[in-house]
Amino acid sequence: MATAEARPDPPAGVRRPRSARGRARWTNQLLAEEYPGVVCELDHSNAFELLAATILSAQCTDARVNMVTPTLFRRYPTPADLAGADPEELEEIIHSTGFFRSKARSLIGMANALEDRFGGEVPSAMKDLVEIPGVGRKTANVVRCVALGLPGLPVDTHVLRLSRLLELTTETDPVKVELELNPMVPADERGEFSMRMILHGRRVCFARRPQCAECVLAWFCPSVSL
DNA sequence: ATCCCGAGGG
DNA sequence: CCCTCTGGAT
């Protein structure tokens with residue numbers, strides 16, 4: 001009763017989508033118009049560097065990560081170099097990104113895994129990526145779609161929240177959300193879809209007070225409040 | 001205060 | 001499922 005039909009009208013001649021797939025299609029199309037040319041903002045020149053940068057990006061801005069990675073990559077250019085890093089020296093380099101002890105442990109563990117189990121290369125299979133210390137599903141998908149050119153739909157806190165608000169899914173587990181979204185987004189658009197959802201989550205659809213009046217998705221968003 | 005593209009452990 | 005890990009920007 002309190003939230004009944006406070007929804008804007010659809011564009012002229014357009015039917016409000018009634019299925020999750022239909023809402024996903026409109027979401028993908030409208031966010032592509034809203035945020036064209038979206039790119040990964042973590043500076044890197046290969047998959048190993050992107051993997052390290054993504055591990056550092058947890059609870060930290062990309063800009064901050066980009067301030068430490070030049071020093072990091074100069075000091076440890078290869079997985080072999082990073083595998084033999086002195087933890088304290090590494091912690092000092094990455095200190096300003098936060099969580100520096102656990103991130104240092106993850107980075108060294110990651111480099112050792114690459115050396116010991118993957119011939120010094122970043123593996124491409126999801127199954128292998130998530131075995132690497134410090135690499136979860138989200139990080140694995142970032143590396144897959146950005147550095148390896150493989151299908152990947154990173155589901156972070158924003159993608160999860162927006163997907164549920166838009167009722168593209170009813171799942172609460174990020175892995176289930178990813179698997180449910182996959183067939184709704186063309187394989188070669190999943191990475192950009194994810195990055196645009198994240199941008200929209202940061203700029204418009206805030207967790208606390210979503211700016212529905214500014215949102216291009218409001219005309220079909222089941223959770224809109226105006 | 002709240003946010004920043006999480007992951008591991010109990 | 002909760003907790004912890006952590007610094008910087010606004």
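First the proteins, then the strands, lettered A, B, ... as listed; each starts at 1.
Taking both residues in full, the closest heavy atoms of Leu168(A) and Glu180(A) are given as O-OE2, 3.9 Å, listed atom of the first, atom of the second, then distance. Between Glu115(A) and Ala83(A), the closest heavy-atom pair is CG-CB, 4.3 Å. A pairwise comparison of heavy atoms in Arg16(A) and Pro10(A) identifies NH2-CD, 3.7 Å as the closest pair.
Among the heavy atoms of the strands, none lies under 4.0 Å from Ser106(A). If you check every strand for non-hydrogen atoms under 4.0 Å, Val142(A) touches a base. The residue Ser194(A) sits apart from the nucleic acid: no heavy atom pair falls under 4.0 Å.
One atom, CD of Gln59(A), and another, C1' of dA9(C), lie 14 Å apart when rounded to the nearest Å. If you take CG of Asp62(A) and P of dG8(C), they are 17 Å apart, rounded to a whole angstrom. Residue Phe100(A) contributes atom CZ, which lies 6 Å from atom P of dT6(C) at whole-angstrom precision. Going from atom CZ of Phe99(A) over to atom C1' of dG8(C) covers 12 Å, rounded to whole Å. Computed from coordinates, the Ile94(A) CD1 to dT6(C) P distance equals 10 Å when rounded to whole Å.
dG8(C) sits 22 Å from dA7(B) when the P atoms are compared, rounded to a whole Å. Between dC4(B) and dT6(C), the distance separating the two C1' atoms is 12 Å to the nearest Å.
Gln59(A) contributes atom CD, which lies 15.0 Å from atom CZ of Arg64(A) (distance to the nearest 0.5 angstrom).
Under the side chain to side chain contact (heavy atoms under 4.5 Å, CB included) criterion, Pro77(A) pairs with Asp81(A), not counting sequence neighbours.
When the nearest nucleotides of DNA chain B are assigned to Ala207(A) and Thr139(A) by heavy-atom distance, the more 5′-ward of the two goes with Ala207(A). Annotation: of the two residues near DNA chain C, Thr172(A) and Met67(A), the 5′-most nearest-nucleotide partner is Thr172(A). The residue among Gly136(A) and Arg208(A) whose nearest nucleotide of DNA chain B lies closer to the 5′ end is Arg208(A).
Running 5' to 3' along DNA chain B, contacts with non-hydrogen atoms of chain A at under 4.0 Å begin and end at dC3(B) to dG8(B).
Residues Leu107(A) and Leu56(A) form a side-chain contact, since some pair of their non-hydrogen atoms from C-beta on lies under 4.5 Å apart.
Panel note: side chain Arg23(A), backbone Ser163(A); no donor-acceptor pair is recorded below 3.5 Å.
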